[in-house]
There are 2 protein chains.
Amino acid sequence: MSNGLIYRLEQLEILNSEDFRIIDTLLVAQRDIPEHSFIINEKHAQQYIHFVLKGWAIKYKTLENGDRQIVNFVLPGDIISIYSPIFLNAEHTVESITDMRLGYFSSGLLLETMRNAPRLAVALMWMAGQDERVLEEQIVRVGRRRSTKRMAHLLAELFRRQRLAGFSYEQARLLPLNQLLLSDALGLSHIHAHRVFRELDKIGLIARTHNTIELLDIKSLVAFSDFDESYLEAIVNPTMIKILKPS
Amino acid sequence: MSNGLIYRLEQLEILNSEDFRIIDTLLVAQRDIPEHSFIINEKHAQQYIHFVLKGWAIKYKTLENGDRQIVNFVLPGDIISIYSPIFLNAEHTVESITDMRLGYFSSGLLLETMRNAPRLAVALMWMAGQDERVLEEQIVRVGRRRSTKRMAHLLAELFRRQRLAGFSYEQARLLPLNQLLLSDALGLSHIHAHRVFRELDKIGLIARTHNTIELLDIKSLVAFSDFDESYLEAIVNPTMIKILKPS
DNA sequence: CGTATATTTGAAAGCTGTCAACACTTGTGG
DNA sequence: CCACAAGTGTTGACAGCTTTCAAATATACG
């Protein structure tokens, strides 16, 4: 598992070697940041598009009263807010929760790429669409699932997303999360998140160590949470592919 | 208020007359559909990109147990799931809740436009980004706001979105919604939604008639719900505009 | 006019948040 | 290496919010 983004794009099976060469040029600019760094700041302008080579971040919004709601987790292989440069000010904050390695490129380069590399444009749109699907699932989760299954469902998603970024089964079982982060993501008080934790613990689905959650039984976790991974599937509509290759 | 999409794009101030001419060609294909029609079907392939000329729809996902969660409302001036054609199967359903007039165009045309009209491409990305912002706000709403303010916050958003699509103040005060729809959107039981309704009624924020909610006091509604409209702002980052016009 | 859909009510149960302490871990500086 | 501070995790009790159940009423539509 070297580069989650490339791994994901390979799965799509729409890019050719020239496309990957272009991606290589995007990979030039990289930087390492420590835990608790801000990548995007609410109410601030954003110039670059980032993508994650290593580490995790959270994307959240802060309320009037200081509460925060984590909107999504940002994993290796994810692009961070592809749209940010379009807007004057960001509406959410993106903050690292582990050490990270990021790649980044300018919005101008994005536009150029969308223009000159139609397959890459579709791939990027696919990434953005994927992101939207994850957000929608988060709405369903928070709106319609009870705390325990809500937590389990999120954990199942995060496992699956790590797998889709090329993590091995064993690696993907480990999530760099704690109680606070999960309660802020699930719309629960941290005290109730603790109750939920204990319950999942008791039925043998998870184990916890400092800042790491270990998924002990993926199959049961998926069944218990009614997790249906179809919204994460990495398949491009064949019609779209036909349009790309009008041979 | 003739065409909400054009109205919104005009506000962006990045398109020129040639761009609007291209849009005109996209406007050729239109159809009218009655209330309760399916525009996109969960688990079905999607070929066209739709946009709303008239009427409202809901975008929702159905759970294992038959519950549904409305993920977003679809209003005049909105594009319906710009990404749909990329995926093999839709992950949500879009269903009209009033009579509607839709425009539609093929995914091939979308790609071509993104390629040949960079300003339009940015405009479309802006639309998609706007959509994502609305989803994120919905997550915050459902995750971190209590029922009454949650409802008020959503109503304030919908008013604002109608205004941004060119509705007059008086028109935008009317929402074609009922109790069931709002409870499914807010993650509440319809019984609790009813309690909330009565409360908003009592403090004079709304009035209800058959399938229409009337907002009586926008200012108080916004204040009561801590509604901050900044996530809906129609401003493109100047840097982006500069990139488009490298004069 | 009857049926289906939507709204309304009251009561009870259940889930989740809040409060107030306390314990534990980690990282820092002496 | 120890002590302390800060952050995170843990507990129990209780209040409050929301769902569920059961049933009645209203409204729309054919």
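By convention in this document, chain letters (A, B, ...) are assigned in the order of the sequence lines, proteins followed by strands, and residues within each chain are numbered from 1.
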Check your understanding: Tell me: CD1 of I213(A) to C1' of dT8(D), nearest whole Å?
Key -> 13 Å

Point to revise | Spacing of L182(B) atom CG relative to dT8(C) atom P, expressed in whole Å | key: 13 Å

Check your understanding: Taking for each residue the nucleotide of DNA chain D bearing the nearest heavy atom, is the 5' side occupied by A193(B) or by E35(B)?
Key -> A193(B)

Point to revise | Euclidean distance, atom CZ of residue F197(A) to atom C1' of dT11(D) [Å, nearest integer] | key: 17 Å

Exercise for review: Measure the distance from CG on L180(B) to C1' on dT5(C) and round it to the nearest whole Å.
Suggested key: 8 Å

Revision key, fill the gap. Atom CG of N211(B) and atom P of dT27(D) are separated, to the nearest Å, by 13 Å

Revision key, fill the gap. note: N178(A), atom CG; dT26(C), atom C1'; distance rounded to Å ~ 13 Å

Exercise for review: Would you indicate whether the side-chain heavy atoms of E64(A) and D228(B) approach each other to under 4.5 Å?
Suggested key: no

Practice item. Taking atom types as modelled, find out whether T98(B) and K54(B) have a side-chain donor-acceptor pair closer than 3.5 angstrom. Key: no

Review point. Taking Y60(B) as the fixed residue, which of E42(B), Q69(B), E95(B), R68(B) is the one that meets the side-chain hydrogen bond (donor to acceptor under 3.5 Å, both in side chains) rule?
Key: E95(B)

Review point. Is a salt bridge present between K59(B) and D131(B), judged by a nitrogen-to-oxygen distance below 4.0 Å?
Key: yes

Review point. Do the ring centers of F87(A) and Y231(B) come within less than 6.0 Å of each other?
Key: no

Practice item. Report the relative orientation of the aromatic rings in Y104(B) and H50(B); use parallel for angles under 30°, tilted for 30 to 60°, perpendicular for over 60°. Key: tilted

Check your understanding: Between D226(A) and K149(A), what is the shortest heavy-atom contact and its length?
Key -> OD2-NZ, 3.9 Å

Review point. Would you say dT8(C) has OP1 or OP2 under 4.0 Å from some side-chain N or O of Q179(B)?
Key: yes

Polar pairs (N or O, both sides) under 3.5 Å between protein and nucleotides 14-18 of chain D?
{"unit_1": "dT18(D)", "atom_1": "OP1", "unit_2": "S147(B)", "atom_2": "N", "d": "3.2"}
{"unit_1": "dT18(D)", "atom_1": "OP2", "unit_2": "S147(B)", "atom_2": "OG", "d": "2.6"}
{"unit_1": "dT18(D)", "atom_1": "OP2", "unit_2": "H192(B)", "atom_2": "NE2", "d": "3.0"}

Check your understanding: Rounded to the Å, how far apart are H190(A) NE2 and dG7(D) C1'?
Key -> 11 Å

Check your understanding: Is any NZ, NE, NH1 or NH2 atom of the basic residue among R173(B) and E170(B) found under 4.0 Å from an Asp or Glu carboxylate oxygen of the other?
Key -> yes

Review point. Do the side-chain N and O atoms of S96(A) and E35(A) include a donor-acceptor pair separated by under 3.5 angstrom?
Key: no

Check your understanding: Is R208(B) touching bases, backbone alone, or none of the nucleic acid, heavy atoms closer than 4.0 Å?
Key -> sugar-phosphate

**Study point:** dT11(D) phosphate, OP1 or OP2, under 4.0 Å from R198(A) side-chain N/O
**Key:** yes

Practice item. To the nearest Å, give me how far apart NE2 (H194(B)) and P (dA11(C)) are. Key: 16 Å

Check your understanding: Want to settle it: does I191(A) or H210(A) sit nearer the 5' end of DNA chain C, counting the closest nucleotide to each?
Key -> I191(A)

Exercise for review: Enter the inter-axis angle for the ends of the helix from dC1(C)-dG30(D) to dG30(C)-dC1(D) (five pairs per end, rounded to 10°).
Suggested key: 50°

